[in-house]
Asker: 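If you scroll down you'll find the structure; I have some questions about it.
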Amino acid sequence: MMRKLSITIIKFAAFCLFVASLCSAQAAKIREGHVIPTDKKLSKDTVKRFYERGQQQTYQGKDLDTIGMPIGGITTGQLYLRGDGTLGLWQIFNRHVFSGYGSDNYRTYRPDSPVDSGFAVVVESNGRTIAKPLNQDFGTVEFTGEYPIGIVRYKDNNFPVKVEMEAFSPFIPLNAKDSALPATLFHITVENTSNRAVEAAILGWLENAVLSDSAKAVLAQRRTRILEDRNRTLIVHTAEETPPPEDAPSPRSKIILADFEGTDYGDWKSTGQAFGAKPALGTLPEQNPVSGFLGKGLVNTYLGGDGPHGTLTSPPFKINRKFIKFLIGGGNLIEQTCINLIINDKVVRTAVGKSNEKLEWYFWDVEEFQGSQAQIQIVDKASGGWGHINIDQIELSDEPQKVPAGPVDKLPDYGSLALAYDGKVCSSSEASNILASASDTLKKKLSVQNNIIFPVTQRRSTTLATNMVKLAPGARQTFKFVLSWFFPNHEHGHEYANRFKNASEVARYVLDNHERLAGDTRNWHKTFYEDSTLPRWLLFRLHSTVCNLATGTCQWWQNGRFWAWEGVGSCAGTCTHVWNYAHAVARLFPELERSAREMQDFGEGFDSQSGLVGFRSNRAYAADGQCGTILKAYREYLMSADNTFLKRNWPSIKKALEFSIIRDGNGDGLIEISQHNTYDINFEGANTFVGSLYLAALRAGEEMAKDMGDEEFAKRCRKIFESGKRLTIERLWDGEYFIQEVDLKKYPKDQYEKGCLSDQLFGQGWAHHVGLGYIYPPENVNKALQSVWKYNWAPDIGPYNINHKPERWFASPGEPGLFTCTWPKTPYIAEGVRYKNEIWTGIEYQVAGHMVWEDMLDEALAICYGIEQRYHPAKHNPYNEVECGDHYARALASWGVYTALAGYEYNGPKGHLGFAPRISPEDFRAAFTGAEGWGTFSQKRNGKTQIEQIEIRWGRLRLKSLAFTVPDNLRRVKVNITAAGKPVEVDYALNDGRLDIILKKELVLSEGQMLQVSISR
Ligand SMILES: [Ca+2]
Ligand SMILES: [Ca+2]
Ligand SMILES: [Ca+2]
């Protein structure tokens, strides 16, 4: 053993010498165990496929199961359109849903559907009426979804009509309010495919799910009405406190079923280890303080920590009161840390804790079970975080517990839900006849009654049946529905509650403005997907992550502040270092990002004394987040129509940059002290992960200082930047890529030292995105990115992950992916940077976007295609790129790839727009956004001329200057410009293939107008 070790040491020393001797040379020998092939096995055919324009994707069969496309308005909750056109998830009730830290998010499953709703097509043909629900059992079902628009097609050869359902929530870039409507539009088109006339109608139904989470803990009733106005019909669901019965008998005295004050559990039976032999006496060892229980004893399964499992079951007892009340605390894991009421071996009521050690009152309405024999079972089946439950004082009572739920109208899931049909419905008797034609299961749950009140513990759905429409063979008819919701009692309120008072108002707004809302949404879809020359799969992938805005990840508070988790319910506070990667929101809805800068980074999270930007709106420092905040502020300034945002925030931005300069210490442009960062660890010593962000931030600071007339600060930034740039090459360049300067003896944990970090040029990518150019010499940048590709991207992550297990799996063996960090040339550091062996789509997009700027197009597309393969619906929901939680914010980095492909540069306040397409520059077309409008840009080259066209499809675009690229061999060109058909006077200059054009007079292009630039030899 000793001998073997010393040989290893000698080998290691020799290896180190060898590496040292190569310190400025090219590729060193690749370490054994670094089983990432340098040959990426990309055949010519595969690469060709990356670039093909291709078709819109359509899925059917098993592939439909995983699909869950967010279909509600941005920041209004999370509602899925499932692959078969049914709705899923239904997280619109302000409940904090935590989708997990990531270990189990990358799994194959069908999203559930806790709320009953749906549509059915009704056909009368040959005197027979048949109602056929629009779901997976229809026959052939096909899903096509390019966010924000989902289309589901239904066909059955034995059925006389086919149906197409188009579903979306209005989504209009730069119009955040109309994109943040708590509503979904459905256009259901029925086409007669038979050769005889038929009559057709649509049934639409919706459960009253108001108080969906509180139902079992409050005394309330649900109310459903059917309203008709202006040729429209609405099902309106609400709820309210149950009025006290008028001549109610006085309550009987309560019965205490268990108070857990004894020295054992009495006649309750326990299994497993979690409950021990007797009730706990308060807090258990290593547990946070437990409170809220009565007397001295309680059930507390933190016995030996969260690990143990067990059950504790009461003897059978007779339910002889209207309510069962108890105190509950501990984990909120459904079916895992819970208390159940069991009747005839069935769980009829259940409750979980709130991940809180304080016990709180909870009650079940059990009036319907009076007279039954029942048992109570307390369950601990969990071992992870919050894997325990606390229970005390179980009582039978005729009165519900008033505290702590509070008034019904203040509950988070209090509000209203509506389903509106834009047209006349048939009478309730006709509707009943139609319902009679439905299957028994459908019939049983639907009602067409138009004014009902029922206890909140009951589940009821209400139905609208549209008037029957005659359809000749080949004829079609579209039925328009709006689903809307209004749940204002979010902890911070909803922006939408400033504009509406209930769900029916929302539905009416959507229908009143239908033409514009649907028109603008389809216009964006057409401009982005259909009118583009980019590969359709790539457009799908890069836009798909934008749907994260319409999930539990993102919120828009009533005070106007945009706020986000990292992933759904996971890690709070619009984390600065995670949002460093996210470009989509800033480009599509810049006002939301501006609010996050202004109200969080330079607002609640800002320490104006020191300039610290708390990275979760707190008072904690993250070095990458701090520098990234400067870059984001610069980007938000560039995406503004004028300089008012910068003017208001410049003192804070400057102060925040000075905070980083102080961390640099000697102003040499390298930050060496401890740097907490997005890998949830601290880097020690100079490195280009934080370093490149710092240098790019200094450049952004210089530009902003100049625009604010602060020449002195601009000069200071430039001086530090120049020094940092020089020293980085001197000290951190290893010949192939950038390394970290660190003493591993002093800091053995969490560092990467001579490893190859995929994010090593994060700040350089940023610099390109905001038009700051190179912060390091181009040849080093290019070589380093080549090395990231060579050493960190695997066509199959399996072999490497078998050697080096990841903390969490976000890719499976057989799938491609880019590792966070590897050690291709020096020994693997098992204790090195955290998450090193994981695959994060956010990093992949960050690197791919940067590769596009460096003209490494094949590599960039291979990385994106790898994500596309991993998120094929055969395996995973293509709309849900996971990391720490579902719909992870970092994935919004995809927009950086998109803007890079166009070589997009924009400065709103200065009226500057430029393009340098990196993909098919001879024939390129893509959508773009500005501060006040969006449209499509195209470039066509032939032998003699190059034509650029900028067409505004929405809003307006103010222009003072333009920039394009021409082929390298052109030295002199002639430029001709027209706007809306009229000539425009310009000055222009050509330098190294870049053509800069200055308009002699500012120009505003409005919707529908086009600017054309003809460049000829
Ligand atoms: Ca007790
Ligand atoms: Ca446990
Ligand atoms: Ca320094």
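Bear in mind the structure is a predicted one, so any value in this text is a computation, not a measurement.
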Asker: How about CG on Asn451, more than 12 heavy atoms from neighbouring residues, nucleotides or ligands closer than 6.0 Å, or not?
Answerer: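 For Asn451, atom CG is crowded (more than 12 foreign heavy atoms under 6.0 Å).
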Asker: Show, in sequence, the C-alpha distance, side-chain angles and deciding distance for Trp954 and Trp524, and conclude whether the ring-ring contact (aromatic ring centres under 6.0 Å, His included) test is met.
Answerer: CA-CA 9 Å; Trp954 189 95; Trp524 173 252; 10.0 Å; no
Asker: According to salt bridge (charged side-chain N to carboxylate O under 4.0 Å, His left out), does anything in residues 536-554 pair up with another residue at least two apart or in another chain? List the pairs.
Answerer: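 Sorted pair list: Glu146-Arg536, Arg541-Glu868, Arg541-Glu881.
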Asker: Partners of Leu333 by side-chain contact (heavy atoms from CB on, under 4.5 Å), sequence neighbours excluded?
Answerer: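 Counting only residues at least two positions away or on another chain, Leu333 forms a side-chain contact (heavy atoms from CB on, under 4.5 Å) with Gln336, Thr337, Ala382.
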Asker: For the residue pair Val546 and Leu892, what are the closest heavy atoms and their distance?
Answerer: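 Val546 and Leu892 have their closest heavy atoms at CA-CD2, 3.9 Å.
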Asker: Would a 4.5 Å heavy-atom cut-off, applied to side chains only, mark Pro133 and Phe119 as touching?
Answerer: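 No, too far: nothing below the 4.5 Å cut-off.
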Asker: Do Tyr59 and Ile67 make a side-chain contact, defined as non-hydrogen atoms from C-beta onward lying under 4.5 Å apart?
Answerer: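 Yes; the side chains approach each other to less than 4.5 Å.
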Asker: Among pairs that include at least one residue of residues 75-90, which meet salt bridge (charged side-chain N to carboxylate O under 4.0 Å, His left out), considering only residues two or more places apart or in two chains?
Answerer: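 Found Asp84-Arg110.
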Asker: Should the ring pair His494 and Tyr496 be called parallel, tilted or perpendicular, given that the plane angle runs from 0 to 90° and is split at 30 and 60?
Answerer: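 Aromatic pair His494/Tyr496 classed parallel.
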Asker: Looking at Glu335, I want to see if its CD is surrounded by more than 12 non-hydrogen atoms of other residues, nucleotides or ligands under 6.0 Å.
Answerer: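 Open: at most 12 neighbouring heavy atoms sit under 6.0 Å from CD of Glu335.
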Asker: Looking at side-chain heavy atoms only, is the closest gap between Pro170 and Ser179 below 4.5 Å?
Answerer: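 SC-SC contact between Pro170 and Ser179 ruled out.
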Asker: Indicate yes or no: does Arg349 engage Glu368 in a salt bridge with an N to O separation below 4.0 Å.
Answerer: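 Judged by the 4.0 Å cut-off on N to carboxylate O distance, Arg349 and Glu368 do form a salt bridge.
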Asker: Under the ring-ring contact (aromatic ring centres under 6.0 Å, His included) criterion, do Tyr879 and His543 qualify, and how do the steps go?
Answerer: CA-CA 10 Å; Tyr879 303 94; His543 200 302; over 10 Å; no
Asker: Of Tyr109, Phe810, Tyr871, Trp809, which meets ring pair (Phe, Tyr, Trp, His ring centres under 6.0 Å) against His876?
Answerer: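 Considering Tyr109, Phe810, Tyr871, Trp809, a ring pair (Phe, Tyr, Trp, His ring centres under 6.0 Å) with His876 is found only for Tyr871.
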Asker: Should we say atom CG of Asp229 is surrounded by more than 12 heavy atoms from elsewhere, each under 6.0 Å from it?
Answerer: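 Correct, the count exceeds 12.
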Asker: Taking salt bridge (charged side-chain N to carboxylate O under 4.0 Å, His left out) as the cut-off, I'd like each qualifying pair that reaches into residues 117-141, sequence neighbours left out, listed once.
Answerer: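 Checked against salt bridge (charged side-chain N to carboxylate O under 4.0 Å, His left out) - neighbours excluded - the pairs reaching residues 117-141 are Lys132-Asp156.
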Asker: Between the side chains of Thr478 and Thr189, is a donor N or O closer than 3.5 angstrom to an acceptor N or O?
Answerer: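 Judged by distance alone, the side chains do pair up.
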Asker: Looking at Asp104 and Arg107, is there a salt bridge between them, counting it only when a charged N and a carboxylate O are closer than 4.0 Å?
Answerer: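 The answer is no: the pair does not qualify as a salt bridge.
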Asker: So, Asn877 and Thr66: side-chain donor and acceptor under 3.5 Å apart, yes or no?
Answerer: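 Asn877 vs Thr66: no donor-acceptor pair found between side chains.
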Asker: Going by the rule side-chain contact (heavy atoms from CB on, under 4.5 Å), which residues pair with Ser99 if we only count those two or more places apart in sequence or in a different chain?
Answerer: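 Ser99: side-chain contact (heavy atoms from CB on, under 4.5 Å) contacts with Asn105, Val568, Asp886.
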Asker: Would you say the side-chain atoms of Asp413 and Ser214 include a donor-acceptor pair closer than 3.5 Å?
Answerer: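 Result is yes, a qualifying pair exists.
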Asker: For Lys48, what residues pass the side chain to side chain donor-acceptor pair (under 3.5 Å) criterion, not counting sequence neighbours?
Answerer: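 In terms of side chain to side chain donor-acceptor pair (under 3.5 Å), with neighbours along the sequence ignored, Lys48 is linked to no residue.
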Asker: Do we see a donor-acceptor contact under 3.5 Å between the side chains of Ser194 and Asn192?
Answerer: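 Checked: Ser194/Asn192 side chains pair up, N/O donor to acceptor below 3.5 Å.
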Asker: Name the orientation class of the two ring planes belonging to Phe528 and Tyr898 (parallel below 30°, tilted from 30 to 60°, perpendicular beyond 60°).
Answerer: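 Because their plane-to-plane angle lies in the 30° to 60° range, the rings of Phe528 and Tyr898 count as tilted.
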Asker: Please determine, by modelled atom types, if Ser894 and Thr545 share a side-chain donor-acceptor pair under 3.5 angstrom.
Answerer: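 Yes, Thr545 and Ser894 have a side-chain donor paired with an acceptor closer than 3.5 Å.
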Asker: Which residues pass the side chain to side chain donor-acceptor pair (under 3.5 Å) test with Arg516, not counting sequence neighbours?
Answerer: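 By the side chain to side chain donor-acceptor pair (under 3.5 Å) rule, Arg516 matches Asp178, Tyr509.
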Asker: Using a strict cut-off of less than 4.0 Å between a Lys/Arg side-chain nitrogen and an Asp/Glu carboxylate oxygen, indicate whether Arg953 and Asp531 qualify as a salt bridge.
Answerer: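 So Arg953 pairs with Asp531 through a salt bridge.
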Asker: Which residues pass the side-chain contact (heavy atoms from CB on, under 4.5 Å) test with Asn433, sequence neighbours left out?
Answerer: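 If we apply the side-chain contact (heavy atoms from CB on, under 4.5 Å) test to Asn433, skipping adjacent residues, there are no hits.
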Asker: Would you tell me whether Ser416 and Asn502 have side-chain atoms, one donor and one acceptor, within less than 3.5 Å of each other?
Answerer: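 No, no side-chain donor-acceptor contact under 3.5 Å.
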Asker: Excluding sequence neighbours, so at least two apart, what forms side-chain contact (heavy atoms from CB on, under 4.5 Å) with Ser429?
Answerer: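 For Ser429 the side-chain contact (heavy atoms from CB on, under 4.5 Å) partners, ignoring immediate neighbours, are Ser427.
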Asker: Check the pair Phe171, Tyr147 against ring-ring contact (aromatic ring centres under 6.0 Å, His included), reporting the backbone distance first and the verdict last.
Answerer: CA-CA 9 Å; Phe171 179 94; Tyr147 188 77; 5.4 Å; yes
Asker: Identify whether NZ of Lys or CZ of Arg in Arg460 sits under 6.0 Å from the centre of the six-membered ring of Phe454 and within 45° of that ring's axis.
Answerer: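 Here Arg460 passes the 6.0 Å and 45° test against Phe454.
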Asker: With sequence neighbours excluded, tell me which residues meet side chain to side chain donor-acceptor pair (under 3.5 Å) with Gln91.
Answerer: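 Partners of Gln91 by the side chain to side chain donor-acceptor pair (under 3.5 Å) criterion come out as none, since no residue qualifies.
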Asker: Could you give all pairs that pass the salt bridge (charged side-chain N to carboxylate O under 4.0 Å, His left out) test and reach residues 417-428, with sequence neighbours left out?
Answerer: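 Found Arg232-Asp422, Asp422-Lys480.
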Asker: For Lys875, does the NZ atom sit with more than 12 other heavy atoms under 6.0 Å from it, leaving out its own atoms?
Answerer: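 Yes, the 6.0 Å shell around NZ holds more than 12 heavy atoms from other groups.
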Asker: Check the orientation of His187 and Phe168. Use parallel for under 30°, tilted for 30 to 60°, and perpendicular for over 60°.
Answerer: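 Judged by the thresholds at 30° and 60°, the geometry between His187 and Phe168 is tilted.
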Asker: Do the side chains of Ile130 and Val123 get nearer than 4.5 Å, heavy atoms only?
Answerer: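 Sidechains of Ile130 and Val123: no contact.
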Asker: Using salt bridge (charged side-chain N to carboxylate O under 4.0 Å, His left out) as the criterion, list what pairs up with Arg522, not counting sequence neighbours.
Answerer: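 Listed in chain order: Glu166.
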Asker: Would you name the heavy atoms of Cys426 and Ile434 that are closest together and state the gap between them?
Answerer: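 Nearest pair, atom of Cys426 first, then Ile434: SG-CD1, 3.9 Å.
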